[in-house]
Amino acid sequence: MLGLFNRTGMRFMGTKQSFHKSDLTFQERPNLKPKPAADHQYTFGGLSTDYMLEINYDVHNGGWQRPLIKANEPFELDPANATLHYSIECFEGLKAYITHDDRTMLFRPDKNFERMNSSHRQLGFPEFNPKEMTECLKELIKIEKEWIPRRPMHSLYVRPTSICMDDRLSLSKVEKMKTFIILSPVGPYYPRGFVPVKLYCDTNTVRAWPQGFGDKKIGGNYGPTLRTSRMGNLKFGTDQVLWLLHDWVTEAGTMNFFVFWKNEEGEDELITPPLDGTILPGVTRDSILTLTKELRQFKVSTRPFKIQELMKACTEKRVYEAFGAGTAAIVSPVQSFVYDNVTYEIPVDKEKGAGKLTQRILQMMLDLQDGKTNRPEWQFYV
Ligand SMILES: *Cc1c(COP(=O)(O)O)cnc(C)c1O
């Protein structure tokens, strides 16, 4: 029986390969929080809902424990908790939407939970069955449905997280860990229409490197980037960092980066760097690549390109538009970038604050998330 063996082939009697939705229990809380007012101005991550999903793992106690939906409330950590010291932690981000026909939908949660498993492998956490996790999440969403604001462009942000629960200062194999999911109602990323961002290229720091961990959503990849972001803002008033790896363009802030240009061969091309281990494999990135290839209107490429190519294209006025892509904003138009003290402008429609393709991609994604266009393999109805 495969289920009795762990990854190294050693036998762990009774250690479960995954938790199961059929074991899910619900612990009702005595009273609920007041829901926000109908005109509440949502800030990203500012509110949490009543309940959370929690699944503990203990290698010495049968592995994965039963999944539990319980009150979202603070929990205690030992000061020696290994996560606090070594960032043995990973997270995910996805959203639940109310569709135009009043159904509740998760957008491609299978991709997020596959990616979470890859973070788990990196950190030495046990893997789980993404289908079982999706089913548990659906139950949580059903209970918390009233928290999803019934207003255009609003949604429920879903934050799965896994942390090490071992209380010891030695950096060693994970024995206890906890996976949980919390929910936060959110409003539109751009409440008053697109606000194009300015990017800062720093030639002294890299976010990710070949054979590193930049393609994993692990906490250690994020905290240390704040300094570069702050520096760009202080020196040039930029909003986010355009991360380079020895002049190779990688990502914009915590978003994948796309350029729509006329390339050196004179072809119209939408380009983003390939998944070579230095790029976070974004679900939005993947969706945009699929949707734009299906348009068959221009070349869609995943290949490496250097910042000098982008600078040259800007100077020669071959850049049509550029944008970041991620769950929070879907697309985030870019208006300029600073490299070596020089600012390069990227065209944006003055009125709309974004280029035509950026707007079109946003609309295609919104129609999918609103259930107005169908793509059953991406739309998980709750
Ligand atoms: C989360 C993230 C993205 C976007 O991924 P999505 O799945 O589209 O939300 C891109 N880059 C980085 C560094 C990220 O952390």
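Both ligands and their constituent atoms are indexed starting at 1 by order of listing. Residue numbers run from 1 in the order of the sequence given.
A salt bridge does not link Lys173 with Asp166: every distance from a Lys NZ or Arg NE/NH1/NH2 to an Asp or Glu carboxylate oxygen is 4.0 Å or more. Between Glu251 and Arg207 there is a salt bridge, with a side-chain nitrogen of the basic residue lying less than 4.0 Å from a carboxylate oxygen of the acidic one.
Applying the 4.0 Å criterion to heavy atoms of Arg115 picks out, from ligand 1, the atoms 5 (O), 6 (P), 7 (O). Close approach of ligand 1 to Gly282 (heavy-atom distance below 4.0 Å) involves ligand atoms 5 (O), 6 (P), 7 (O), 8 (O). Atoms of ligand 1 found under 4.0 Å from any heavy atom of Val283, numbered from 1 in the order shown, are 6 (P), 7 (O), 8 (O).
The proximity of Asn256 to ligand 1, defined as any non-hydrogen pair under 4.0 Å, involves the side chain as well as the backbone. Residue contacts with ligand 1 for Met255 involve N, CA, C or O but no side-chain atom from C-beta outward (heavy atoms, distance under 4.0 Å).
Of the candidates Phe91, Trp243, Phe107, Tyr222, the one placing a heavy atom closest to atom 15 (O) of ligand 1 is Tyr222.
When hydrogens are left out, the protein atom nearest atom 9 (O) of ligand 1 is Thr327 OG1, 2.6 Å; that is the closest non-hydrogen contact. Looking only at heavy atoms of the protein, atom 11 (N) of ligand 1 is closest to Glu251 OE1, 2.5 Å. Counting protein heavy atoms only, atom 3 (C) of ligand 1 is closest to Thr254 O, 3.3 Å. Counting only heavy atoms of the protein, atom 1 (C) of ligand 1 lies nearest to Lys217 NZ, 1.5 Å. The nearest protein atom to atom 8 (O) of ligand 1, hydrogens excluded, is given as Thr284 OG1, 2.6 Å; this is a heavy-atom distance.
Looking at Glu144 and Thr49, their side chains do bring a donor and an acceptor atom within 3.5 Å of each other. Defined by atom type and a distance below 3.5 Å, a donor-acceptor pair is missing between the side-chain atoms of Arg103 and Gln379.
Here the CG-CZ distance, from Leu68 to Phe19, works out to 12.5 Å after rounding to the nearest 0.5 Å.
Look at Arg207 and you'll find a heavy atom under 4.0 Å from some atom of ligand 1.
Residue Asn112 has no nitrogen or oxygen atom sitting less than 3.5 Å from a nitrogen or oxygen atom of ligand 1, judged on distance alone.
Tracing side-chain contacts under 4.5 Å through hydrophobic residues (I, L, V, M, F, W, Y), one never reaches Val348 starting from Leu199; they form parts of separate clusters.
Ring centroids of Phe298 and Phe260 are separated by less than 6.0 Å, placing the two rings close together. Aromatic rings of Tyr320 and Trp261 (six-membered ring for Trp) have centroids beyond the 6.0 Å cut-off, not under it. Between Tyr157 and Phe44, the distance from one ring center to the other falls under 6.0 angstrom.
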